[in-house]
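This report refers to the structure that appears directly beneath it.
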Protein chains: 2
Amino acid sequence: MARTKGSDSKLTELRIRKVALNLFSQYGYAAVSMRKIASKADLQVGALYLYTPNKQTLLFNLLKTHMDSLLKNWVVENIETAPDKRLKIFTKFHIRFHINRVEYVNISYNELKNLTEENFEHVNSLRSEYEKSLEEILTFGRDQGYFDIKDVKLTALAIIAMLNGVLKWYRTDGRLSLCDVEEIYSEMAYKSVMVVDN
Amino acid sequence: MARTKGSDSKLTELRIRKVALNLFSQYGYAAVSMRKIASKADLQVGALYLYTPNKQTLLFNLLKTHMDSLLKNWVVENIETAPDKRLKIFTKFHIRFHINRVEYVNISYNELKNLTEENFEHVNSLRSEYEKSLEEILTFGRDQGYFDIKDVKLTALAIIAMLNGVLKWYRTDGRLSLCDVEEIYSEMAYKSVMVVDN
DNA sequence: GTCTATATCCCGATAGAC
DNA sequence: GTCTATCGGGATATAGAC
């Protein structure tokens, strides 16, 4: 063995990321010190700076990795698909993707304000891109007469907020399976915009 | 004049509360120092402690005041009212009450994790009480055959999350009036739980 | 009621030994 | 690659003058 236990830098880096994500999610970026991160990652604080130039970058990389992964995994559906089907695909994808990434969801919602302006612009543009893909589905559905929507932008925000609300409280050991949750909320989302007779 | 300018303690207390709310909402509790609060309230830091024993109490009082006010203003509708009408009353009330209290909404969502355990229990029980009033409406509506709901608790959370998502982005100078927003989202909320033919 | 000064502690980040 | 020690600063909270 050429290396002592725990000296593999790839593993250490991963451990630091994981610990930082966990602590930022639980206590908030500003309330978590580099010393605490180091301690939880079984390091001294000096060693942290071999893996990140500063605390800000640690947060930024977590957020960027998450958004990149989200956009990479979201594959726009076939152009032929009907609007209601598209919306269902989107909502189910959104839930399935995020349900096991609750810590990322937390920091994405709460810690954008702690990014530098430059980093914020970067992450926020990725988020806008994702939101826009839902807006396109809603616009398409409205134009095709499938949906009854007064304001596409606010409706998109409302749907995403609704779905995220579920993520925040869903527990895998709860009384509902992932499939149940997907089904329930994609149904609610669809119904909330569908055309109804009056 | 027996008092110098700004020495009225009631006014000073109000000013401190307002400044703290504003800063906590904007930057987060942990990122705001007592020095910053004092400075924005035109005081030196020592004077702050005449009005609050510590920073934690400042946050707790803001949250408690908000929740007390919410529960006091939410008057349960007449027992005779039909479920769909009740839900509409709730959603419109929720939006109207919160729309001008966005800073309170922010800290209610983001800063609960910064409360001591005891303070958290207190605030959280008030929040549960409010959520329960929506759950009762949903349960009532389902039992009466008005609503199609698989899980009352998660549905209540989804609806509140949806409504709060709107609050976060709504601007009074935007293209939609308060009435428009109330109407759009109470409609979406209702449709998301209503019974549909398949 | 407000100020200034200070006690005590923790912060992010870096230097240099091993 | 990790450690210990430390710099410079800012944190909460308190003491005591006015």
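These numbers come from the heavy atoms of this one structure, side chains and all, not from hydrogens, waters or symmetry mates.
B:Ile16 places its CD1 atom 11 Å from the C1' atom of C:dT2, with the value rounded to the nearest Å. Per the geometry, CG belonging to A:Leu11 stands 14 Å off C1' belonging to D:dG1, to the nearest Å. Atom CG of B:Leu58 and atom P of D:dA13 are 10 Å apart (whole Å). Rounded to a whole Å, the CD atom of B:Gln56 is 18 Å from the P atom of D:dA11. Between the P atom of D:dA11 and the NZ atom of A:Lys36 lies a distance of 19 Å, rounded to the nearest Å. Rounding to whole angstrom units, OH of residue B:Tyr51 and P of D:dA13 are separated by 18 Å. Distance B:Leu48 CG to C:dG1 P: 14 Å, rounded to the nearest Å.
Mapping B:Leu43 and A:Lys55 onto DNA chain C by nearest heavy atom places B:Leu43 at the nucleotide closer to the 5' end. Nearest-nucleotide mapping onto DNA chain D: of A:Val45 and A:Leu50, the residue sitting toward the 5' end is A:Leu50.
In this model, the phosphate group of D:dA11 is approached by a side-chain N or O of B:Ser33 to a distance below 4.0 Å at OP1 or OP2. OP1 or OP2 of C:dA13 has at least one side-chain nitrogen or oxygen of A:Tyr49 nearer than 4.0 Å. Taking 4.0 angstrom as the limit, B:Thr52 places none of its side-chain polar atoms (N or O) nearer than this to OP1 or OP2 of D:dA13. For C:dT2, neither phosphate oxygen OP1 nor OP2 lies less than 4.0 angstrom from any side-chain nitrogen or oxygen of B:Gln44.
Using a cutoff of 4.0 Å between basic side-chain nitrogens and carboxylate oxygens, A:Glu183 and A:Lys92 are scored as salt-bridged.
Cation-pi geometry between A:Lys55 and A:Tyr29 is satisfied (NZ or CZ under 6.0 Å from the ring centre, within 45° of the ring normal).
In this structure, B:Ser39 has no side-chain contact (heavy atoms from CB on, under 4.5 Å) partners at least two apart in sequence or on a different chain. With sequence neighbours excluded, the residues forming a side-chain contact (heavy atoms from CB on, under 4.5 Å) with B:Arg101 are B:His66, B:Ser69, B:Phe97, B:Tyr104, listed by chain and number.
When the nucleotides C:dC3, C:dA13, D:dC3 are ranked by their closest atom to the side chain of A:Arg35, C:dA13 comes out on top. For A:Met34, counting side-chain heavy atoms from C-beta on, the closest listed nucleotide (D:dT2, C:dA5, C:dG12) is C:dG12.
Ring orientation note: the planes of A:Phe90 and A:His94 are close to parallel, at an angle under 30° on the 30°/60° scale.
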